[in-house]
Every structure is written in structure tokens, then in C-alpha cells.
Amino acid sequence: MVGADLLGKVLMVGHGDGAVSGRITETEAYTSDDAASHSFNGRTARNAVMFGRPGHLYVYLSYGIHRCANVVTGTDGDGQAVLIRSVDPLSGLDEIRRRRAGRNDGELTNGPGKLCAGLGIDLADSGIDLADPASSVRIMDDGTPAPDEPIVGPRIGITKSVDTPWRFRAPPRQL
DNA sequence: AAAGAGATGGTCT
DNA sequence: GACCATCTCTTTT
């Protein structure tokens with residue numbers, strides 16, 4: 001599985017009236033033989049869920065401030081994950097705006113730290129099963145297909161394996 | 001419009 | 001004690 005498969009899927013947080021969601025528009029893949037990956041140096045307490053079962057959520061603290069959300073993709077014991085880099089708000093817009101007070105609508109969830117803040121994904125959510133309808137965070141397929149030709153490019157914000165083009169973005173959405 | 005720097009804390013050496 | 005899979009604000013063209 002590669003990151004491009006997640007494009008177009010719906011990331012949903014919470015249940016009922018308080019639920020918020022967004023459509024995934026940009027991802028990055030990380031594997032265990034990739035020097036830029038958290039899993040590169042083997043399993044540790046922090047990255048343990050990356051080595052767990054696929055379809056689970058891996059959340060880590062970035063730069064001491066932000067949270068970043070990943071979908072574990074490798075088989076059990078393999079240490080692969082896909083970082084969700086950007087999302088288009090889909091439902092619960094009022095709540096998202098409230099959490100991201102002072103920002104333009106276009107800047108609500110267009111970054112890995114921003115989308116976690118806007119949707120309310122926290123470190124405590126790490127390890128949950130994204131496919132379980134009872135989970136507080138889950139990924140759903142509403143029938144929207146992944147783009148035929150995702151934009152592929154280099155990953156962002158890393159210092160190692162910079163040349164590996166494992167960033168995937170949905171083409172600009174037409175209105 | 002673009003470029004630079006500070007914030008801030010867990011994790012690993 | 002250094003290193004970050006980032007964001008925002010401030011300063012400079």
C-alpha cells in the first residue's frame with residue numbers, strides 16, 4: 001500500500017453532533033528502510049504502533065508543539081506509515097473554525113500540525129483502530145475515488161532521504 | 001511577497 | 001544536550 005491510496009478518503013473524528021471530518025488531499029509515505037522515518041532505527045517506545053497492525057493511528061509530537069497523524073500501513077512488525085499532510089474540511093466546519101480561531105478558511109487544515117489541531121487529534125488517540133466504527137478517529141470510504149494521477153513529489157520538512165519522491169497530493173479541486 | 005527566526009518538549013545519544 | 005516528518009509571527013524586499 002502506498003500513500004496515494006489514502007487520497008480522497010475521509011478522516012473523521014468524534015461521533016454525533018460533535019463530529020468533524022475532512023477529505024485527505026496530501027500524504028507522505030515512510031518505511032523502515034528510509035532514513036527519514038521514525039522507524040528507521042528500530043522499534044522504540046515512541047514508534048511502537050508503527051510496527052503494529054496496519055490501519056491503526058500513529059500520532060507523535062512534532063517540534064514539541066504540534067501533533068502529526070499517520071496511518072500505519074505495513075504488516076505487523078514492519079514499521080511503515082503514511083503521514084496525513086493535508087485535509088479539506090468536510091463537516092463540522094464551525095467546530096474546526098473555533099479550534100483554529102483567527103485563521104482563514106484556507107489555512108484551517110492544510111498542514112500536518114494544523115489538521116490535528118483543527119480536527120482535534122491528540123497523542124492519546126495514538127494506537128486506535130481507524131477501521132473500527134466505535135473509534136474516536138477513523139478513516140472512511142465514502143465512494144470518492146483516489147485521483148487517477150496524483151501529484152508526486154519530494155517530501156517536506158525532512159533532512160534525510162530528501163530525494164525520495166513519496167509525497168502524494170490530490171490535484172486541485174474543481175468547484 | 002518572501003525570507004528568517006523563535007517557540008517548545010519528548011525522545012534518543 | 002542535540003535533534004527534529006511544524007507553525008506563526010516579524011522583518012525585509
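Here the structure is a predicted model, which is why all the values come from computation and not from measurement. Order of the sequence lines fixes the chain letters, A, B, ..., with proteins taken first and strands second; residue numbering starts at 1 for each chain. Atom set for the values below is all heavy atoms of this structure, side chains included, hydrogens, waters and symmetry mates excluded.
- Evaluation of atom-type donor-acceptor distances gives no pair under 3.5 Å for the side chain of Tyr63(A) against the base of dA5(C).
- Of all nucleotides listed (dT8(C), dA7(B), dC4(C)), dA7(B) comes nearest to the side chain of Ile65(A).
- Nucleotide dA5(C) holds its P atom 8 Å from the NZ atom of Lys160(A), rounded to whole Å.
- Straight-line distance from the NE2 atom of His38(A) to the C1' atom of dA5(C): 5 Å, rounded to whole Å.
- The side chain of Arg100(A) places an N or O atom within less than 4.0 Å of a non-bridging phosphate oxygen (OP1 or OP2) of dT8(C).
- For Arg155(A) and Tyr30(A), the positive end sits near the middle of the six-membered ring, less than 6.0 Å away and at most 45° from its axis.
- Distances were taken from every side-chain heavy atom of Pro112(A) (C-beta onward) to each of dT8(C), dA5(C), dC7(C); the shortest belongs to dC7(C).
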Within the sub-3.5 Å range, which N or O atoms of nucleotides 10-13 of chain B have a protein N or O partner, and how far apart are they?
| from | atom 1 | to | atom 2 | distance (Å) |
| --- | --- | --- | --- | --- |
| dC12(B) | OP1 | Thr44(A) | OG1 | 2.3 |

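- Proximity note for Asn70(A) (side chain, C-beta onward) versus dT8(C), dT6(C), dA5(C): the nearest is dA5(C).
- Under a hydrophobic clustering in which Ile, Leu, Val, Met, Phe, Trp and Tyr are joined whenever their side-chain heavy atoms come within less than 4.5 Å, directly or via other members, Tyr63(A) and Ile156(A) fall into different clusters.
- Nearest to the side chain of Lys114(A), among dA5(C), dT6(C), dC7(C), sits dC7(C).
- Ring-base stacking between Tyr30(A) and dA5(C) is satisfied, the centre separation being under 5.5 Å and the plane angle under 30°.
- Among the heavy atoms of the strands lying under 4.0 Å from Ile158(A) are primed sugar atoms or P, OP1, OP2 only; no base atom is included.
- We find that CD of Glu28(A) is positioned 15 Å from P of dC4(C), with the value rounded to whole Å.
- One interatomic measurement links the two molecules: CH2 of Trp166(A) to C1' of dA5(C), which rounds to 14 Å at whole-angstrom precision.
- In this structure dA5(C) sits in no base pair that meets the Watson-Crick or G-U test at under 3.5 Å.
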